[in-house]
Amino acid sequence: MTVARRLIPCLDVKNGRVVKGVRFVGLRDAGDPVDCARAYDRAGADEITFLDITASHEARDILLDVVERTADEVFVPLTVGGGVRTREDVDAILRAGADKVSVNSSAVTNPALIEAVAGAYGRQALVVAIDARRRDPNDASAGWGVFTHGGRVDTGLDALSWAREVDARGAGEILLTSMDRDGTGLGYDLELVRAVVEAVGCPVIASGGVGTLEHLALGVLPISEGGGGADAALAATIFHDGHFTLGQARDYLRSRGVVVRDDATPEDR
Amino acid sequence: MSDRAAIVVVDVGLGNLRSVERALRAALVAEGRSPEMVRCTNDPGELREAAALVMPGQGAFGDCATALHRHGGALAKAVGEHLAADRPYLGICLGLQVLFESSEEAGGAHGLGVFEGSVRRFRDGMTDARGARLKVPHMGWNQVIPTDDAAAAWLGRSHWYYFVHSYYVVPSTASGGCIAGETEHGDRFVSAVSRGRLWAVQFHPEKSQAAGIGLLRSFVRGVP
């Protein structure tokens, strides 16, 4: 056996509430991030990611409270991102109980933050999120640009060079989102995923566009077998909508020859 | 101080102790015990009084060894006495590695030397059977294969656990008997060791969902 490909449900959180809600049978409060995280934990998520999309910095304490309550009962790695600007933000999130912090715009404006966080907590605690958009929608050879602020700001950076740079500076992982595919359900931008996987040494999490179980499999299948070669597949809608359970996703990936964790833990102790 | 009532999580200042503390509390509650048994401290006096020690830690072997040997080695001595008395000990990640003598990572630093052997880094450029590049650190879920029935009793049979590390222990031939579990990442490496009531694992039970909480429940059952 070898290290398993990871399935990571991502919850968008605003002012302490899950934005789109999660359609789960038996969920007490589909809008409570703690309830949703607990449900995904029990359903066999390999990790859980919270993306805070709260506009105001003042609402930060609400998020920290959510993180703290989640960490009390969720025993898989928890990543928290969104609006992380300073080293103090990072410290507060990790102190509240997150295992990893994801930074995006702040890494672009202040790349030294990457070294600072990796130096203080180790690489594994830092995820650098890259939102990439094709320079030419129909031609991958034109490359991808790096966008920030939810895709509104073009940084002028090239996604592959930026990925190499954050890897060299100490990113533990890259959370790679295709802005072209995000929310479309058309599948990951596999050319983007492959290009970044081949460019860096750190693990890559594919994100943006999952609509089917096939899409998840393609993200993490080896490049030699037509996949993206990512280490992990992040998805939101496909799980939140209740179309597919994590168990179904896992079974499907296994049927495609992907090594996934078997979360069935028989009481054989 | 009551007579050995506490499970002490040893605070050497490396890594997030609270997640270990939280998971131990959950395991205690699941076992019908009081979660208040868990304490985090770096006070050698409290270590000496503990019913059980849990030594977590993420980061560098050298930092961990230095912290244990600081102030005349009071912490190292307390841990050594605890182990000599065969009281329950659970080492996690660095809490496993530091039981060995030395590490490639820190030339001069000495571990506790409970087991003969060293700590080595994964080679760069490893590939799996399908030619995919294997990354260092080894991060994510992987399987632990117990070496025998006694090991399976606490590790489970081929359970999946969450790993984050670049270094692994290499017991010397003489101390090979301590090997309790192995995992594959390029090469096969030792992911769990045991001797008497000492258990130590390379993975993070506190982040390994039901499998991890199950292991911690087994551990706390062995604590009087």
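Proteins come first, then strands; the chains are lettered A, B, ... in the order of their sequence lines, and each starts at number 1.
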How about CZ on B:R33, more than 12 heavy atoms from neighbouring residues, nucleotides or ligands closer than 6.0 Å, or not? yes
Given that the side chain runs from C-beta out, which part of A:R5 has a heavy atom under 4.5 Å from chain B: side chain, backbone, both or neither? neither
Quick check for you: to the nearest 0.5 Å, what is the distance between A:D262 atom CG and B:Q143 atom CD? 8.0 Å
Measuring heavy-atom distances to chain B, does A:L94 have an atom under 4.5 Å in its side chain, in its backbone, in both, or in neither? backbone
Could you tell me whether the side chain of B:R133 and the main chain of A:V197 form a donor-acceptor pair under 3.5 Å? yes
Closest heavy-atom contact between B:A26 and A:F75? CB-CZ, 3.6 Å
Between B:Q209 (side chain) and A:D41 (backbone), is there a donor-acceptor pair under 3.5 Å? yes
Heavy-atom distance under 4.5 Å to chain B: side chain of A:P222, backbone, both or neither? side chain
When you measure from the centre of the six-membered ring of B:W141, is the NZ or CZ of A:R261 under 6.0 Å away and within 45° of the axis? yes
Taking every heavy-atom pair that is under 4.5 Å apart, which of B:E206, B:K135, B:E21 has the most such pairs with chain A? B:K135
So do the side chains of A:V3 and B:M139 get within less than 4.5 Å of each other, counting heavy atoms only? no
Just so I know, are the side chains of B:P137 and A:Q124 near enough to count as touching, which here means a heavy-atom distance under 4.5 Å? no
Within a 6.0 Å radius of atom NE2 on B:H69, are there more than 12 heavy atoms belonging to other residues, nucleotides or ligands? yes
Quick one: what part of B:I145 sits under 4.5 Å from any heavy atom of chain A, side chain, backbone, both or neither? neither
Please classify the contact of B:Q58 with chain A as side chain, backbone, both or neither, using a heavy-atom distance under 4.5 Å. side chain
So, for A:V259 and B:W160, which heavy atoms are closest and what is the spacing to 0.1 Å? CG1-CH2, 3.7 Å
Would you say that A:E73 contacts B:R22 through its side chain, given a criterion of any heavy-atom pair below 4.5 Å between the two side chains? no
Give the member of A:G229, A:A71, A:S224 that has the highest number of heavy-atom pairs under 4.5 Å with chain B. A:A71
Considering only heavy atoms, which portion of A:E68 lies under 4.5 Å from any heavy atom of chain B: side chain, backbone, both, or neither? both
Under 4.5 Å to a heavy atom of chain A? For B:R188 that would be neither
Between A:A98 and chain B, with a heavy-atom cut-off of 4.5 Å, which part of the residue counts as in contact: side chain, backbone, both or neither? backbone
